[in-house]
**Q** 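Encoded as structure tokens, here's the structure I'll be asking about.
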Amino acid sequence: MTGAIGLVAIGIAFVFVFVGGLISGIGSLGWNLGGGTALLLSTIIVLPVLAFLAVVVLRFVIESGVALVAIAENTERTAQNTQTAAAPRR
């Protein structure tokens, strides 16, 4: 569930920043042609790359949490098996 929430948050942020960057870039073309062009290009090229990296990082965080839970469950199971096993005779 956390992964879905994170993906939705990344998607919403991407849309807002993309639209805002386009609006700001188009708005600044009138008084600064170079700056507006750079803003438009960075919005169109850099922003999708950063959003993709955010999804990849989110995936790694989710997978590390899943692995941590699996290790904890395996450790608990090993401890239960150790307690219930008969003690070796001397």
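Numbering starts at 1 and runs along the sequence shown. Treat the numbers as computed from the prediction; the structure is a model and nothing was measured.
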**Q** Is there a path of hydrophobic side-chain contacts, each under 4.5 Å between heavy atoms of I, L, V, M, F, W or Y residues, that connects Val61 with Val66?
**A**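 No: no chain of side-chain contacts under 4.5 Å links Val61 to Val66.
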
**Q** Testing the basics here: between Ala51 and Phe14, what is the closest heavy-atom pair and its distance to 0.1 Å?
**A**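 Closest heavy-atom pair between Ala51 and Phe14: CB-CD1, 3.7 Å.
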
**Q** Could you report the tightest heavy-atom contact between Ile10 and Leu58, atom names first, then the distance?
**A** CD1-CD2, 4.1 Å

**Q** Looking at Val56, Val57, Ile62, which hits side chain to side chain contact (heavy atoms under 4.5 Å, CB included) with Phe60?
**A** Val56

**Q** Looking at every heavy atom in both Gly35 and Ser28, which two are closest together, and how far apart are they?
**A** C-OG, 4.4 Å

**Q** Going hydrophobic residue to hydrophobic residue with side-chain gaps under 4.5 angstrom, can you get from Val17 over to Leu22?
**A** yes

**Q** Can you tell me how far apart CG (Leu39) and CD1 (Ile44) are? Round to the nearest 0.5 Å.
**A** 9.5 Å

**Q** Let me check something: do Leu53 and Leu7 share a hydrophobic cluster, defined by ILVMFWY side-chain heavy atoms less than 4.5 Å apart, either directly or through other members?
**A** no

**Q** Which atom names give the shortest non-hydrogen contact between Ile45 and Val49, and what distance separates them?
**A**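 It is O-CG2, 3.4 Å.
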
**Q** Would Phe16 and Val8 show up in the same hydrophobic cluster when neighbours are defined by side-chain heavy atoms closer than 4.5 Å?
**A** yes

**Q** Using every non-hydrogen atom in the two residues, find where Thr43 and Leu47 come nearest and quote the distance to one decimal.
**A** O-CB, 3.2 Å

